[in-house]
Amino acid sequence: MAALPRYTRAAGLSDVRWRASSNESTVPPSPHILAAIRDAAERGNLYPSLIGEDLVADIGARLEVDPAQIVVGGGSIALLQNVLAAYTGHGTTVVHAWRSYEAYPILIGVVGATAVPVPLDENFGHDPAAMLAAIDDDTRAIILCNPNNPTGTELSPQQLEDLIAGVPEHVLVILDEAYQEFSRYPSRTSRLRARFPNLVVLRTFSKAYGLAGLRAGYLLAHPDIADDVRAASPPFGLSRVAEAAARAVLSDRAHTDHIVEVVREGRAHLVDGLRRRGIHVPHSGANFVWLPVGERTGELEAACVARGVSVRAFDGEGVRVTVGERAAQDAVLAAVDDLAAGTWQDGLTA
């Protein structure tokens with residue numbers, strides 16, 4: 001069997017002051033959330049609920065969705081693996097954009113399916129026509145990361161709807177909305193799911209809800225699909241502490257609003273600074289920005305680490321910077337200056 005791709009870690013993590021490489025929230029849990037975590041931890045000797053029934057009920061009430069259409073688990077990545085296990089496997093293919101989230105080809109390989117990566121367009125976004133053209137008789141699913149990780153680019157609501165409409169009804173559309181809360185476009189999940197019964201929407205509590213360390217997420221799908229995913233999921237997939245924290249964060253809207261505001265303000269500051277220095281930064285709808293610096297990627301990563309901030313580098317392509325503390329953003333800008341401002345326009349970041 002061919003070797004599967006693997007995650008890599010950013011250089012120098014142990015030596016940096018700020019971590020801008022993992023798309024985590026820099027805002028810690030609120031006192032309300034911490035109280036729920038402590039209470040759940042005190043009962044850590046007991047198993048959690050079988051399928052996270054209480055969290056499912058809370059999500060259903062919040063979104064006005066039938067609980068039969070909701071599945072929760074240990075982060076959206078775990079749920080994605082369960083979806084792929086239920087609907088793909090040996091002899092099937094899964095289409096996804098590339099570059100996109102690194103977990104996609106890994107999880108596709110784990111279930112025995114074949115990944116079909118489709119290059120991004122010239123603006124670092126999904127190429128709808130190319131993605132539809134990549135679907136063939138062996139295709140069982142297509143994954144759309146919107147906003148896309150690591151480029152932050154977004155399909156407009158109409159582009160997204162048109163793309164899903166072009167997918168054959170027997171092919172599952174997996175819409176990964178891990179960063180939806182930071183988007184410039186309001187979610188149209190309810191409209192899309194009503195129109196397309198083959199649509200699965202993935203959401204996470206790791207980003208805008210600030211619970212990356214506890215691993216919780218959910219999916220929305222037609223009840224038949226949700227049933228299939230539950231059947232492919234191991235029991236007790238969501239820890240007692242993670243479920244308690246997710247329930248608490250759903251009831252603490254001010255906390256989530258604060259995280260989103262911090263990101264949007266910081267994102268604007270960082271993008272403005274980078275563009276003034278000559279780096280072409282595509283619009284980001286996520287909690288990070290993409291610096292397409294090509295062959296200077298390693299050089300910029302090293303300069304950032306020297307300034308005390310880790311970033312996520314993709315060799316030969318670019319650098320992804322998570323939006324966090326203002327001091328970390330300014331350290332990235334200083335690193336760009338260290339590499340001689342004004343030289344970035346020389347055909348490296350077209």
Side-chain angles (χ1 to χ4, degrees), residues 47-89 92 94-96 103-104 107-108 110-111 113 135 139-146 157 160-178 180-181 186-206 209 215-240 242-243 246-247 249-251:
Y47 280 112
S49 60
L50 189 66
I51 57 172
E53 293 92 339
D54 290 340
L55 179 57
V56 167
D58 287 354
I59 294 170
R62 172 79 171 265
L63 301 180
E64 298 182 347
V65 171
D66 181 351
Q69 302 176 36
I70 303 168
V71 183
V72 298
S76 57
I77 189 172
L79 292 165
L80 173 59
Q81 182 168 357
N82 295 337
V83 172
L84 293 173
Y87 283 91
T88 73
T92 69
V94 179
V95 174
H96 63 90
Y104 296 157
L107 296 184
I108 293 167
V110 166
V111 301
I135 296 173
T139 305
R140 295 295 177 270
I142 179 173
I143 305 175
L144 309 176
C145 188
N146 193 57
L160 178 61
E161 187 163 352
D162 290 346
L163 174 52
I164 297 173
V167 177
E169 293 180 359
H170 69 277
V171 174
L172 203 66
V173 179
I174 305 171
L175 176 58
D176 186 346
E177 292 192 324
Q180 170 59 42
E181 291 84 357
S187 174
R188 301 179 75 184
T189 295
S190 58
R191 169 187 169 88
L192 293 173
R193 289 183 52 252
R195 181 178 175 189
F196 304 108
N198 59 329
L199 176 64
V200 175
V201 178
L202 296 175
R203 291 286 185 87
T204 182
F205 287 96
S206 295
Y209 295 100
R215 312 307 303 133
Y218 64 95
L219 67 76
L220 305 172
H222 186 279
D224 291 344
I225 295 175
D227 283 344
D228 289 341
V229 175
R230 290 191 199 96
S233 304
F236 309 120
L238 184 66
S239 78
R240 176 181 293 276
E243 181 174 13
R247 296 187 69 198
V249 80
L250 281 176
S251 65

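We count residues from 1, following the sequence as given. These numbers come from a predicted model, not from an experiment.
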Colleague: Which of these passes side-chain contact (heavy atoms from CB on, under 4.5 Å) with V72: L79, L219, V56?
Modeller: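 When side-chain contact (heavy atoms from CB on, under 4.5 Å) is applied between V72 and each of L79, L219, V56, only V56 qualifies.
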Colleague: Any side-chain heavy atom of V94 within less than 4.5 Å of one from L107?
Modeller: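 No. Closest side-chain heavy atoms not under 4.5 Å.
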Colleague: Less than 4.5 Å apart, any side-chain heavy atom of D176 and any of L80?
Modeller: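 They are not in contact (no side-chain heavy atoms under 4.5 Å apart), so the answer is no.
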Colleague: What are the two closest non-hydrogen atoms of R140 and Y87, and how far apart are they?
Modeller: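 For R140 and Y87, the tightest heavy-atom pair comes out as CB-O, 3.5 Å.
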Colleague: Taking the side chain as every heavy atom from C-beta outward, state whether R247 and L55 have any atom pair closer than 4.5 Å.
Modeller: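 With C-beta onward as the side chain, the pair touches.
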Colleague: Are any non-hydrogen side-chain atoms of V110 and L84 less than 4.5 angstrom apart?
Modeller: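 No; the side chains remain at least 4.5 Å from each other.
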Colleague: Would you find a donor on one side and an acceptor on the other, under 3.5 Å apart, between the side chain of N198 and the backbone of V171?
Modeller: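 Checking the backbone N and O of V171 against the side chain of N198, a donor-acceptor pair under 3.5 Å is found.
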Colleague: For residues E243 and E53, determine if any side-chain heavy atom of one lies less than 4.5 Å from a side-chain heavy atom of the other.
Modeller: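 Answer no - side chains too far apart.
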Colleague: What I'd like to find out is whether the side chain of L144 reaches to under 4.5 Å of the side chain of I164, using heavy atoms alone.
Modeller: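 Side chain of L144 against side chain of I164, heavy atoms only: contact under 4.5 Å found.
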Colleague: Heavy atoms only: give me the nearest R240-Y47 pair and the separation to one decimal.
Modeller: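 The pair with the smallest heavy-atom distance is NH2-O, 2.6 Å.
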Colleague: Rounded to the nearest 0.5 Å, what's the gap from CG on N146 to CD1 on I143? Could you check?
Modeller: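 Nearest 0.5 Å value for the CG-CD1 distance: 13.5 Å.
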Colleague: As a test of understanding, state which of D228, V111, V229 forms a side-chain contact (heavy atoms from CB on, under 4.5 Å) with N82.
Modeller: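 It is V229, the one option of D228, V111, V229 that forms the side-chain contact (heavy atoms from CB on, under 4.5 Å) with N82.
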Colleague: Write down the atom of S187, the atom of E177, and the distance for their closest heavy-atom approach.
Modeller: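 Heavy atoms only, the tightest pair is OG-OE1, 4.0 Å.
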Colleague: Using a 4.5 Å cut-off on heavy atoms from C-beta on, say whether the side chain of V71 contacts that of Y218.
Modeller: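 No, every pair of side-chain atoms sits at 4.5 Å or beyond.
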Colleague: Can you name the nearest heavy-atom pair linking P157 to R188, along with the distance?
Modeller: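 Looking at all heavy atoms of both residues, the closest pair is CB-NH1, 2.9 Å.
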Colleague: Can you give me the closest heavy-atom contact between L50 and P235, atom names plus distance?
Modeller: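 Closest approach of L50 to P235, heavy atoms only: CD1-CB, 3.5 Å.
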Colleague: So F205 and L250, do their side chains get closer than 4.5 Å, heavy atoms only?
Modeller: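 Of all side-chain heavy-atom pairs linking F205 with L250, at least one is under 4.5 Å.
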Colleague: Can you measure from CD (Q69) to CG (D227) and round to the nearest 0.5 angstrom?
Modeller: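 It comes to 10.5 Å.
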Colleague: Assess the side chains of R215 and S206: does a donor N or O sit below 3.5 Å from an acceptor N or O?
Modeller: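 Present: a donor and an acceptor within the cut-off.
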Colleague: Closest heavy-atom contact between A226 and A68?
Modeller: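 That closest heavy-atom pairing would be CB-O, 3.4 Å.
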Colleague: Is there a side chain to side chain contact (heavy atoms under 4.5 Å, CB included) between L220 and L63? Walk through the geometry before answering.
Modeller: CA-CA 10 Å; L220 305 172; L63 301 180; 4.0 Å; yes
Colleague: Nearest 0.5 Å please: distance from the CD1 atom of I142 over to the CG atom of L163.
Modeller: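 Atom-to-atom, I142:CD1 and L163:CG are 5.5 Å apart.
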Colleague: Check the pair Q180, V201 against side chain to side chain contact (heavy atoms under 4.5 Å, CB included), reporting the backbone distance first and the verdict last.
Modeller: CA-CA 11 Å; Q180 170 59 42; V201 178; over 6 Å; no
Colleague: Could you tell me the separation between the CD1 atom of I70 and the CZ atom of R62, rounded to the nearest 0.5 Å?
Modeller: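 Answer for the CD1-CZ pair, I70 versus R62, is 12.0 Å.
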